[in-house]
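Only this structure's heavy atoms are used, side chains among them; waters, hydrogens and symmetry mates stay out.
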Amino acid sequence: MLQIDKINTFVELGKFLSQFSENKSMKNPNVMNNDLFYDNFLSLIDLSQSHNGWFTKTQVYFAVNAWAEALTLENFNTWLSLYPLENDKLIPKTVGLILAGNIPLVGFHDFLSVLISGHKVLVKTSSNDQKLLPFFADYLANINPNLERYITFVDGKLENYDAIIATGSNNTARYFEYYFKEKPSIIRKNRNSVAILNGQETTKQLQDLGEDIFRYFGLGCRNVSKLFVPKDYNFDSFFESIFKYQDVIHYEKYANNYDYNKAVFLMSNFKLLDNGFLTIKEDVSYASPISSIFYEFYDDIESLKKRLDVEKDQIQCIVSNNLIANSINFGQTQKPKLWDYADSIDTINFLVQL
C-alpha cells in the first residue's frame, strides 16, 4: 500500500469528522460514505456518556473537532517529511497497543502512527473508551479496504505481536516493563502539565489557561494540574478570569469530586483558596486531584527552568507566555499537533526502526 494512499485515507477521516459540531452538525454531500456512517456517528456521540460518565457530548465533540483539524494533508506532509516511510523492503510488524481511556480518543495518535508507518496494529482498548476508536477503524477500512488486514482489536490477552506501546499508571507501567521486557516497547507512565505565571498575563490568557485546566474535567495528562507563580502572587485576577468555567460544578461527577477532595483537604487542615468550583492548594506535587490544582512559588525563572529540566520525566506540557523555551501557549494543551509526541518520545522513529 502506497504511503499517499494511507495519508489520503486519514485525510478523508478528517473531512468526515469536520462535519460534527456541538452547536450544529452539518452533513457535507462531498464526504465519502456518509450514508453508512454519518447518522451512526451522531448516535455514538449521543450515547458516549452512557459508556463512560466523563465522556459528555461536549467533551467528545471537542476531541472530534481537534482531530478534524489535525488530519489534513498539510499537517501530514509537515509531520512525515523527516521520516523514511516510503520503504519498499519494509516487512510489516504487528504492534500491540494497550490504550488508556481517561479522555476520548486518547490512544488514536498511537493507532495512527502504527498504520502510517506501514505496520499492523493489534489494539486492546481501555474499558473506559471502547467505542470511538473501533468506529474510526471501520470508517477507515471502508474508505480503504486494504487497511482492514492491518487492524485487529482484541478483548483478552495480546498475542503474536512484535512490539508494544502501552499506557498506564506508574504502577501498571512497572508491570508492563517486566511483562514486555523481551520486546521493543514504549511504556508510558503518569505525567502532568504545569503553567508558569509571572503576573503579567492578560485576562484572555488566564481565561485560556482555564481551558487547559478544565477541558476533559482535568483528566488528561496534558491538563494543567499545577501553577508556578512568583512570590506574593495575587490570585484574584486568575479567579476572575476562570469564572466563565463555573458551570463545571453542575456536572455531578465533577461536583462529587469537588466536595470530597475539599473535605479531605479541610479535615487535614490544609490552607486552601476556593472559588466554589476549584480549590487551589500549595503543594510540591504535580498530580492534583480532580477539581483542584496545586501551586508553588518560584524565586526566579532560571532556577525554575533547571528544576523542571531535572523533573522532566514527570511533566507532559509546560504552558507560559514564552517564559521558558518550547512552552505552549495558553489554551492549546488539548490541541496537540501530529508531531507533538506523548512523553516526548518520537513514536514514528521507534516504529520505523522495528
Side-chain angles (χ1 to χ4, degrees), residues 1-21 25-48 51 60-81 83 85-88 90-97 99 104-125 129-154 165 335-339 347-348 351-352:
M1 194 186 332
L2 294 177
Q3 183 70 21
I4 190 60
D5 293 333
K6 289 180 286 187
I7 291 173
N8 286 337
T9 302
F10 280 99
V11 170
E12 288 299 326
L13 174 62
K15 293 177 182 177
F16 174 79
L17 299 179
S18 68
Q19 303 172 106
F20 300 93
S21 169
S25 295
M26 186 173 297
K27 200 171 187 178
N28 182 346
N30 297 319
V31 171
M32 297 178 66
N33 295 343
N34 261 342
D35 290 344
L36 291 174
F37 290 93
Y38 183 89
D39 291 337
N40 289 338
F41 194 52
L42 281 176
S43 297
L44 179 58
I45 294 174
D46 287 339
L47 292 171
S48 289
H51 303 140
V60 174
Y61 273 118
F62 182 90
V64 167
N65 295 158
W67 278 112
E69 292 176 12
L71 297 176
T72 67
L73 183 59
E74 181 181 6
N75 284 338
F76 273 104
N77 289 338
T78 300
W79 179 32
L80 301 178
S81 61
Y83 301 100
L85 294 178
E86 285 288 4
N87 183 357
D88 295 336
L90 174 72
I91 299 175
K93 304 292 181 63
T94 298
V95 180
L97 300 183
L99 303 182
L105 294 166
V106 68
F108 181 67
H109 191 274
D110 287 335
F111 175 87
L112 164 63
S113 296
V114 173
L115 292 176
I116 212 71
S117 64
H119 296 298
K120 298 179 179 180
V121 66
L122 180 67
V123 187
K124 184 174 179 62
T125 61
D129 189 9
Q130 294 182 318
K131 304 294 183 179
L132 291 168
L133 185 58
F135 185 96
F136 280 22
D138 286 344
Y139 183 84
L140 292 165
N142 198 276
I143 296 293
N144 185 347
N146 289 324
L147 271 179
E148 188 170 6
R149 63 189 178 92
Y150 283 78
I151 303 171
T152 304
F153 287 87
V154 296
I165 301 176
K335 292 185 177 181
K337 305 297 185 184
L338 293 177
W339 47 90
T347 314
I348 296 293
L351 292 165
V352 298

Colleague: Can you list everything that forms a ring-ring contact (aromatic ring centres under 6.0 Å, His included) with Tyr150? Sequence neighbours excluded, please.
Modeller: none

Colleague: For Asp5, give me all partners under side chain to side chain donor-acceptor pair (under 3.5 Å), at least two apart in sequence or on another chain.
Modeller: none

Colleague: Taking ring-ring contact (aromatic ring centres under 6.0 Å, His included) as the definition, give me every residue that meets it alongside Tyr38, ordered by chain and number, with sequence neighbours left out.
Modeller: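 Counting only residues at least two positions away or on another chain, Tyr38 forms a ring-ring contact (aromatic ring centres under 6.0 Å, His included) with Phe20.
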
Colleague: Counting only heavy atoms not in Lys27, do more than 12 sit closer than 6.0 Å to its NZ atom?
Modeller: yes

Colleague: Less than 3.5 Å apart, which donor and acceptor atoms pair up between the side chains of residues 115-122 and the rest of the protein, not counting sequence neighbours?
Modeller:
residue : atom : partner : partner atom : Å
Ser117  : OG   : Ser113  : O            : 3.0
Ser117  : OG   : Val114  : O            : 2.8
His119  : ND1  : Lys93   : N            : 2.9
His119  : NE2  : Leu351  : O            : 2.9

Colleague: Using the test side chain to side chain donor-acceptor pair (under 3.5 Å), find all partners of Asp110 that sit at least two apart in sequence or belong to another chain.
Modeller: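 By the side chain to side chain donor-acceptor pair (under 3.5 Å) rule, Asp110 matches Arg188.
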
Colleague: Quick one: list whatever passes salt bridge (Lys or Arg N to Asp or Glu O under 4.0 Å) with Asp46, sequence neighbours left out.
Modeller: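 With neighbours one apart ignored, the set is Lys57.
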
Colleague: Under the rule for salt bridge (Lys or Arg N to Asp or Glu O under 4.0 Å), what residues qualify as partners of Lys15, not counting sequence neighbours?
Modeller: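 By the salt bridge (Lys or Arg N to Asp or Glu O under 4.0 Å) rule, Lys15 matches Glu12.
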
Colleague: With sequence neighbours left out, what residues match Thr9 under side chain to side chain donor-acceptor pair (under 3.5 Å)?
Modeller: Asn144

Colleague: Leu36: which residues meet the side chain to side chain contact (heavy atoms under 4.5 Å, CB included) condition with it, sequence neighbours left out?
Modeller: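 Counting only residues at least two positions away or on another chain, Leu36 forms a side chain to side chain contact (heavy atoms under 4.5 Å, CB included) with Asn142.
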
Colleague: With a 6.0 Å cut-off on ring centres, are Phe41 and Phe16 close enough?
Modeller: yes

Colleague: So which pairs with a foot in residues 63-73 pass salt bridge (charged side-chain N to carboxylate O under 4.0 Å, His left out), sequence neighbours left out?
Modeller: none

Colleague: Identify the heavy atoms of Val64 and Leu17 that sit nearest to each other, and give their distance.
Modeller: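 Taking every non-hydrogen atom into account, CG1-O, 3.7 Å.
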
Colleague: Run the ring-ring contact (aromatic ring centres under 6.0 Å, His included) test against Phe153 and tell me which residues pass, sequence neighbours left out.
Modeller: none

Colleague: Do the rings of Phe108 and Phe136 sit parallel, tilted or perpendicular, given the 30° and 60° boundaries?
Modeller: perpendicular

Colleague: So, His51 side chain and Asp129 main chain: donor-acceptor pair closer than 3.5 Å or not?
Modeller: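 No, the answer is negative, given that no donor and acceptor are paired below the 3.5 Å cut-off.
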
Colleague: Which residues pass the side chain to side chain donor-acceptor pair (under 3.5 Å) test with Asn146, not counting sequence neighbours?
Modeller: none

